[in-house]
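Following: one structure in structure tokens, then a few remarks.
Below, chain A is the first sequence line, B the second, and so on; all start at residue 1. Model, not experiment: these values are computed from the prediction.
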Amino acid sequence: MEFKGIAHKFGDDVNTDYIISGRYKFKTLDMKELARHVMEDLDPDFYSKVNKGDFIVAGKNFGCGSSREQAPLAILNADISAVLAKSFARIFYRNCINTGLALIECDTDQINEGDELEVDVEKGVIRNLTQQRDIPVKPLPRFMLKILSDGGLVEHFKKHGTFNFD
Amino acid sequence: MGKTIAEKILSRKSGQDARANDIVLADLDFVMGQDGTSPLAIKAFEEMAGKETFDPSRVAMVIDHSAPSPLEGVSKLHAQMREYARRYGIILYDIGEGVCHQLMPEKGHVVPGSLVIGADSHTCTYGAINAFSTGVGSTDLAAGMMSGKLWFKVPETIKFVIHGQLPPGVYSKYLILYLIGDITADGATYMAAEYTGEAIRALSVEARFTISNMAIEMGAKAGLMEADEKTMEWVKRHTGQPFEPVQADPDAEYYMVKEYDVSALEPQVARPHTVDNVVPVSQVAGTTIQQGVIGTCTNGRLEDLRIAARILKRRKVHPDTRLIVAPASRRVMLDAIQEGVLQTLIEAGAAVVTPGCGPCVGTHNGVPSDGENVISTANRNFKGRMGNNKAFIYLGSPATVAASVITGQITDPREFLK
Ligand code: SF4
């Protein structure tokens, strides 16, 4: 899983209500519609700025708050390829893997707004092309990569009938 | 380097040397869903093209949150659960059987050293009998039902060492409220809590459940205790299953160790609208209340009802106050009937409702009116929790609730225990 795109930076403690406001999340199950409002309260133009493959880059405790799966689903449907943060809230972390949204823990202070990044999730490499340096990351465990590359837990089970990491 | 209880159980169940922050795939001993979460899990199970569960004798669904059904829509969801249970042969606990977290240990589904998931945040309750049990979402529940496995991030652990002896009339509920007030609602997020020390060992197993039940209210994914003689005896009374408890190693590595002496602890109350808004009862004594609730997975067990009955014996619920009692399970209700405990409560003026979640989550059975104050033995007092976001919920022990419904205002229960 390799991605290339632009970094969109946010701060610490971005909660699930910022990711997708409660105003929308109960109104529609249409994920494409939800995606239009992603991060809207922090940056009203966010959705229109994003190009396919871009990254959300944030501080610590990204995704704290409610346990609903709408948050990662809205990010995925906004064509974000991965979220990079210093740390993630536990349930959000689970929900990302289960819905198929790639996430990487790293020192995001080494990334500025607008930097162009190349990310290899499998090898655990983040290349900051703008600043011409590599940021070390711990690669995700193999089975997590497998769930992600299958497109989430439901797809993984649909394909294999159980957890399958061979 | 030694291991914590969480690391030991997850090592055992994953077959690898699991350390904090590792991610492991582990074998589940039991999988549970309730009526708020099971319908979505059934849908995910179908999307995953599930054909059978990993072991129908180790999967249970419980109809407890809205039981009996108050609405047509809910009835449909219940019907789906019954149909699923019939088709796949899993265990179904239907209306009146009790709250899921009471039933899992009571029916012998949970033993020390085991790994259990439930699609309900208070699944951490069984940590009191040395099980790593934690709440998950509906997709995880579906994957768990199908495969008997789930992936876990091994948590770091905060160890709470509770020294001293709780004074008379000071119960485990006050202790956990006090700890939550101290460490705050997100003080243990991501982590496991281990509760130990002589004050914990002195508690009955029932009283310990109250503490582990509320681990999630400090953000913890599990609230673990070691198994001692009392645990073994309790578990053996509820199941014939073999089991092997785990102990934390003396040189285990903790994120933090917090020590307390509770010899002078007073009864505590959580004020609206957060569980960590905790004060000694003296600071809220005199607050008028319109409704008291005794029950829930936190404090609806026989011991809790006995404590309430002791205070309410030959006394009456205040005319401007009502009392709702929801025994945690059918077993609890039957025992309480046999002992005369329920008669005492009913004579005092209690309205007894079906064993289950009762009014805890606002689906039915006692939604308060605008501006009303409620004192409850539950674990959450969030705005709107009981179905009305203009009501105010205070949390205390069964003793606090019993004393408060007699006077019609929040009352230090020790006045009635002399
Ligand atoms: S009693 Fe309350 S807290 Fe416990 S499972 Fe039921 S709704 Fe949840």
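In this structure, B:E72 places its CD atom where only 12 or fewer heavy-atom neighbours from other residues, nucleotides or ligands lie under 6.0 Å away. Environment of NZ in A:K49: crowded, with over 12 heavy atoms of neighbouring residues, nucleotides or ligands closer than 6.0 Å.
For B:T139, the parts lying under 4.5 angstrom from a heavy atom of chain A are both the backbone and the side chain. Heavy-atom distances place the side chain of A:I147, and not its backbone, under 4.5 Å from chain B.
Taking CE of A:M144 as the reference point, atom CG of B:L25 lies at 9.5 Å (rounded to 0.5 Å). Between the CZ atom in A:R90 and the OG1 atom in B:T134 there is a gap of 4.5 Å [rounded to 0.5 Å]. Separating the CZ atom in A:F157 from the CE atom in B:M146 is a distance of 5.5 Å, to the nearest 0.5 Å.
Between B:L150 and A:R94, some side-chain heavy-atom pair lies under the 4.5 Å cut-off.
Of all heavy-atom pairs spanning B:E47 and A:K158, the tightest one is O-CE, 3.2 Å. Smallest separation of non-hydrogen atoms from B:W151 and A:I97: CZ2-CB, 3.6 Å. Across all their heavy atoms, B:D140 and A:N98 have their closest contact at OD1-ND2, 2.7 Å. Here the closest non-hydrogen pair linking A:F143 and B:V24 is CZ-C, 3.8 Å.
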